[in-house]
Every structure is written in C-alpha cells, then in structure tokens.
Amino acid sequence: MMDTDGIFDDLLDENSVFKNKEMLRPSYTPDKLPHRSDQINDIARILVPALRGETPSNILIYGKTGTGKTVAAKHIGRELEKKGEELNVNCSVIYLNCKVVDTQYRVLAHLARHFNKEVPLTGWPTDQVYQEFREVLDNKKRVVTIMLDEIDKIIGKSGDDILYHLSRINQDLKRAKVSIIGISNDLKFTDILDPRIKSSLGEEDIIFPPYNADQLRDILKQRSEPSIKEEAISDEVIPLCAAFAAQEHGDARRALDLLRVSGELAEKEGEKIKEKHVREAQDKIELDRVVEVVKTLPTQSKLVLLCIIKLKQFKDNDLTTGEVYEGYQELCKRTNMETLTQRRVTDLISELDMLGIINAVVVSKGRYGRTKEISLSISADEIKEVLLDDYRLSNLKNYNLSSSNQTKL
DNA sequence: GTTCCACAGGAACTATGGGTAC
DNA sequence: GTACCCATAGTTCCTGTGGAAC
C-alpha cells in the first residue's frame, strides 16, 4: 500500500479561501455589470427593434481590454434571446471571435453551421458558402444579431469582403433580418476600412471607457462576496488590487486575475489573503506573461534574447546593436543556425522591445555613431531557463561568448 | 559650420507555406 | 490535384540622423 493513498482527501480538507473560484475567472459572465449601465442601455435601445421583428442598426463597440465590452455584449445577447422567447419572436444572437474564426470562409461556414447547414472545413468556393448561409438564414422569418468580437483581426485579411457582404446581406433577404455588432480593442481600426463598409457597419458607435480605481473596487467587491470567504480576506486587499489594475489602463480582467492569484497564493500558505499576496500575485502574473511570450517567440528572436542575456553577464552598462549582432553571429555558428542580416536583427530587437522583454532606446554617440542602447527589463535567470528549454538552444547552456567579444565590452 | 560614425528604419523585392478557387 | 492568392519572414539597397570631434 502506498502512503500517497487519499492525497486528494487531504487537499480537499485544507482550509480554502474560496467559496466559488470560477466566479473570478474572465470566462464567467455575471448577471449584473457595475458601471456599465449607460453602455448597456444604449446597446439595448439600439437592439430593441429586433423584438418587434424589425432590423436594428449595426453597432461598433470600442474599448481597451478588460473594459467589459465582450461581457456586456454577451449579457445583452442572452437577455435579447430570453425576451424574444417570452414574446414569441424568433430572435437569435450568434457570437464569433474573429481571432479564432479568422478568415472569410471560416466566418461564413461558422454562421451556416449555426443554422445546421453542413459546410466542409475547406473545399467550397466562398461564394457558395455565402449562398448556402443566406438561403438557410432566409428560410423563415427571424432577426439575427451577429456579434463579431475582435473584428479588427480580420480587417485586411480578406475580412473586408466578409464585412461588406454581411453589412449588405439585408438587401438579399426576404424573410430574415440581420444586424451586426462589431467589437474592437483598436479605436483606429475603422481608418483602414473601406468607406462603404465603415458607413454601414458603424451606424452607431458605443465607447467603453477604462474603469477607474473606485469602479474596479466595486466590481471586485461584487465578485468577491460570492466567491471568497469573508473571513479569508483582509480589508486592504480589494483596494490594492483595484489600484494596481487601474494603473494598467483600468483593466477589470487584470483586477480579477490579481484577486484570484492572491487567493491561490494565500491558500497555498494556509493564510488569509493579505497585501503581500497581492504584491506577489502582481509579480507572478507579470512573470507568467513574460514566460509565456518568451516560450512562443520564434527561434531567431530567442537566440537574440539569449545573446543579450549572456552579454549582460559581463557588462553593467547598456549594450549596442553592433555588440548584440556580433554575439548573435557567434551563437548562430555554435548552434549551426542560419545567420540573419543585421537589418533583420534590428527589427527583432525592436519587437522584443515592444513586447516589454527588453528596453531599447535610440541614442546618438556623436562621432561614434547612432545606435540603440539595449537593457533587459526582466529577470534574466528565469527567462534564461525558459530559453534553454528550447532544444535548439540547449547546447548553449554552459557556453560563454568568446573572450574577444567580452574584452571589447 | 562641416565631417563622420554606426547604425535606424523605409521601400522594394524574393521565398515560402498555407489557404482558397476551380 | 493544381493553380493562384496572400500573409509572413527575410534580404538588399538605400537614405536619414544626432551629436561628438574637428
């Protein structure tokens, strides 16, 4: 008999700080959305013709991540379908995330399948899928609201055509009526839209502004009451989570993540949630984000990053593009990898900068040229481990860049 | 004021691979 | 099955640039 029998019994018996952790996950849609009643009422006012069997105006919803756009849209969608059932009006809402369903063909196929029309994953001409969708949609009287989340992800990716078709589909329909809700993080995405699509799609614009710290506190209170045991949380925790998330452009998702991770850390230590757990959670979330980004970098970017980390071991002040490129060439030779041009490596450095992994500033050193000063903005040790996990880079574990390189530094 | 360095970064192009049309 | 389209990654070529040195 193994002494690990009943391991789950022990863990289940542990004092948990949570009553229902699921309510703190971003995927959970609450019944009430604090501080979004104006936006919800505006959208509802635009959609109410659907309940009378008329076509609602198309809507574009804008707002940064974590401002409640998707949650609000889904909430309204549910309410609309519920009310439609009560009133015996055939009113349906189809939600699509354009980051996942990201081509014209896939969008149309997804819509057709919603009405039980079988469409192969590939093979049909897009026009045929459109025709099939239109026919199945129009076979009875109904009002359909199509929600296209992250709509900016299909713009310019043959997505202009699908938006053009969908925004004009009502002209080809006899019984059914369609309205479109586009949801975007990018306030400027309509700038690159065809003006014809822009005018028909954006009949109504709704903006979701970022939450401030007070509003985030209300949201956290509302979610924490049913999800965290009252005696398991200190008073300062919610205001601190709200303050941290308010600094990150008022992101409610970040605030909820902070609270959930703080709870998990406190639970692991068998304590109630305190300020220190929030601060630890803040670091953990940031590190997890960076680790995730680094893991999914292309190998060449990983090599550039590893080169920067290795060079920084021997140099206190910032590195220049030239130094990094020299070191990078050496690592390429060592790993038998193809060496990219300096032009390309410059771009990779800029990309790493944009991801917040390194900090690269263009500086002029007068007669000694113009370059980028590069420093790390993350903890080198943890990221180095992640990079060396890549089998193509693993033989660089104990390799130091050549002495000629280091003496120059 | 001019020169010069060490790049930055734009533009135009090619190669490649996956999706789409027929 | 094949031709075509398009996005992405990368290259080559080029002009532009801030400021120390002269």
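Per chain, numbering begins at 1; letters A, B, ... match sequence-line order.
No donor-acceptor pair under 3.5 Å is formed between the side chain of A:Glu271 and the backbone N or O of A:Leu265. Judged by distance alone, the side chain of A:Ser301 and the main-chain N or O of A:Leu297 form no donor-acceptor pair under 3.5 Å.
Both the sub-6.0 Å distance and the 45° axial angle are not jointly satisfied by A:Arg217 relative to the ring of A:Tyr211. Geometric assessment of A:Lys74 against the ring of A:Tyr95 yields a positive cation-pi assignment under the 6.0 Å and 45° thresholds.
OP1 or OP2 of B:dA8 has at least one side-chain nitrogen or oxygen of A:Thr321 nearer than 4.0 Å. Remark: A:Thr346 is not in phosphate contact with B:dG9, judged by side-chain N or O atoms under 4.0 Å from OP1 or OP2.
Under the 3.5 Å distance criterion, with hydrogens and angles disregarded, a donor-acceptor pair is assigned to the side chains of A:Glu330 and A:Tyr399. No hydrogens or angles considered: nothing links the side chains of A:Thr339 and A:Lys333 as a donor-acceptor pair under 3.5 Å.
Nearest heavy atom pair, residue A:Leu258 against residue A:Ala245, reads CD1-N, 4.4 Å.
Expressed to the nearest 0.5 Å, how far CG of A:Asp318 lies from NZ of A:Lys372 amounts to 13.5 Å.
Rounded to whole Å, atom P of B:dA8 lies 12 Å from atom CD of A:Glu323.
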Every protein N/O lying under 3.5 Å from an N/O of nucleotides 10-14 of chain C:
residue	atom	partner	partner atom	Å
C:dG10	OP2	A:Arg344	NE	3.1
C:dG10	OP2	A:Arg344	NH2	3.0
C:dT11	OP2	A:Thr341	N	3.1
C:dT11	OP2	A:Thr341	OG1	3.0

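For the contact set between residues 365-374 of chain A and DNA chain B, defined by any heavy atom under 4.0 Å, the members are A:Gly366, A:Arg367, A:Tyr368, A:Gly369, A:Arg370, A:Thr371, A:Lys372.
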